[in-house]
Amino acid sequence: MKAAPASQKRLLDLAEVDSVLDRLAHRRRTLPELAEIDELAARVARLATQVIAAETEAGDLAREQSKAETDVDAVRARVERDQKRLDSGQVSSPKDLAGLQSEIASLTRRQGDLEEVVLEIMERRETADGQVATLSAERDELAAARAAAEDRRDAAFAEIDKELGEVKAKRSGVAADVPADLLSLYEKLREQFGVGAAMLQGGRCLGCRTSLSIADVNRIKAAPHDEVIRCEECRRILVRTPESGL
């Protein structure tokens, strides 16, 4: 392939611009906020699951408390009814009177037992409600931290994308100075190796950092100035400059 020496040297400018684009792309991919957001999102998700479990437990206890209170009310109503019968003097038979008194005593004990159950459930429910509140607050705090990290990420993205746009515009201008066939070869090599062209400096390829053999140096010296040279080691385009040591 043939190309004017000036066009070949322009590849070095293009490679420099592409290295800037690569650094910006790498910076965009590796923003510390991205890892922070992923970690916070995972923690928020775990807490959301814990909140649901705590809310479920609190809801079950609320229903259990309601049932126990209903049972207490039912027993209390029976005690009040029986006590009214006893106080009214309607029961005159000693046997019936003793039975009624026994039933009232039994129901009173039953009421006391049920009230103890209600108190125990209330204590458990209070603990469960506290757990819901604690976990919910922690979840909300982490969600706010994630939102703040997302804001920082978006601001960094905007800054990087602005710079990327400027550098890409510059690249278009540089690429316009390179012949189509040479540019096509450069792009193919860049896709394969990350860098498509490198300077030959002091008999050394700056792409792979390999020193050329005497035979290769002599071959390049003998080549026409417009011939496109490739590094025998890394196959990148070797751009000759006054610093090439030829």
Side-chain angles (χ1 to χ4, degrees), residues 24-162 164:
L24 287 171
H26 176 75
R27 180 183 163 199
R28 198 181 196 281
R29 290 192 305 270
T30 59
L31 281 174
E33 286 80 6
L34 296 177
E36 182 182 357
I37 289 167
D38 288 342
E39 180 189 356
L40 288 170
R43 291 173 64 187
V44 168
R46 287 195 297 270
L47 277 169
T49 300
Q50 293 173 349
V51 168
I52 290 173
E55 288 176 339
T56 299
E57 181 182 0
D60 291 344
L61 287 170
R63 286 187 291 274
E64 189 177 346
Q65 179 182 339
S66 178
K67 180 180 181 302
E69 288 174 343
T70 298
D71 292 343
V72 169
D73 291 341
V75 172
R76 182 183 295 115
R78 289 180 60 187
V79 170
E80 291 176 353
R81 182 195 63 192
D82 288 351
Q83 189 65 47
K84 285 181 180 178
R85 287 184 61 203
L86 183 64
D87 295 341
S88 67
Q90 295 177 357
V91 180
S92 57
S93 168
K95 181 179 179 181
D96 291 344
L97 187 61
L100 185 58
Q101 291 172 332
S102 176
E103 181 178 353
I104 290 173
S106 176
L107 287 173
T108 300
R109 288 193 298 272
R110 174 62 176 162
Q111 179 181 334
D113 292 341
L114 288 174
E115 287 174 345
E116 287 293 329
V117 170
V118 170
L119 288 174
E120 187 268 336
I121 295 173
M122 288 176 65
E123 290 176 358
R124 288 165 54 201
R125 183 181 175 188
E126 183 179 357
T127 300
D129 288 341
Q131 183 74 351
V132 170
T134 298
L135 291 172
S136 297
E138 187 176 353
R139 177 201 58 195
D140 294 344
E141 182 179 348
L142 288 176
R146 181 183 63 181
E150 289 172 343
D151 288 342
R152 295 196 305 274
R153 175 204 61 192
D154 293 344
F157 275 172
E159 179 183 345
I160 293 171
D161 290 344
K162 180 177 181 293
L164 277 170

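Side chains included, hydrogens not; waters and symmetry mates left out as well; all remaining heavy atoms used.
The two residues Gln131 and Ala54 come nearest to each other via the heavy atoms CG-CB, 4.2 Å. Nearest approach of Val44 to Leu142, heavy atoms of both residues: CG2-CB, 3.7 Å. Taking each heavy atom of Leu47 and Leu135 in turn, the nearest pair found is CD2-CD2, 3.7 Å. Nearest heavy atoms, Ala68 versus Val118: CB-CG2, 3.6 Å. Heavy-atom minimum distance, Arg153 versus Leu34: CD-CD2, 3.5 Å.
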For this session: May I have the step-by-step check of salt bridge (charged side-chain N to carboxylate O under 4.0 Å, His left out) for Glu159 and Arg27, ending in yes or no?
Result: CA-CA 11 Å; Glu159 179 183 345; Arg27 180 183 163 199; 3.7 Å; yes
Problem set entry | Stepwise salt bridge (charged side-chain N to carboxylate O under 4.0 Å, His left out) test for Arg109 and Asp113 | CA-CA 6 Å; Arg109 288 193 298 272; Asp113 292 341; over 6 Å; no
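Sparse packing is recorded around CZ of Arg110, with 12 or fewer heavy atoms of other residues, nucleotides or ligands lying under 6.0 Å away. Annotation: Glu141, atom CD; neighbour count of heavy atoms from other residues, nucleotides and ligands within 6.0 Å does not exceed 12.
Ionic pairing of Glu115 and Arg76 is present here: one or more N-O contacts between side-chain nitrogen and carboxylate oxygen are shorter than 4.0 angstrom. A salt bridge links Arg28 with Asp161: the closest approach of a Lys/Arg side-chain nitrogen to an acidic carboxylate oxygen falls below 4.0 angstrom. Checked for salt-bridge contact, Glu103 and Arg78 meet the test: a charged N lies under 4.0 Å from a carboxylate O. Residues Arg46 and Glu138 are not paired through a salt bridge, judged by the lack of any N-O separation under 4.0 Å between the basic side chain and the carboxylate.
Once rounded to the nearest 0.5 Å, the distance linking CD of Glu123 with CD of Glu126 reads 8.0 Å. Rounding to the nearest 0.5 Å gives a distance of 5.0 Å between CD1 of Ile104 and CG of Asp82. Considering OG1 of Thr134 and CD of Gln50, their distance stands at 11.5 Å, rounded to 0.5 Å. The distance from atom CD of Glu39 to atom CD of Glu36, rounded to the nearest 0.5 Å, is 7.5 Å.
The side-chain heavy atoms of Leu61 and Glu57, taken from C-beta on, include a pair separated by under 4.5 Å. Looking at heavy atoms from C-beta onward, Gln101 lies in side-chain contact with Leu97 at the 4.5 angstrom threshold. At least one side-chain heavy atom of Leu31 sits less than 4.5 Å from a side-chain heavy atom of Ile160.
Without hydrogens or angle criteria, Ser102 side chain to Gly99 main chain gives no donor-acceptor distance under 3.5 Å. In this structure a side-chain-to-backbone donor-acceptor pair under 3.5 Å is present from Thr70 to Ser66.
Remark: of the listed residues Arg63, Glu116, Gln65, Gln65 is the sole one forming a side-chain contact (heavy atoms from CB on, under 4.5 Å) with Ile121.
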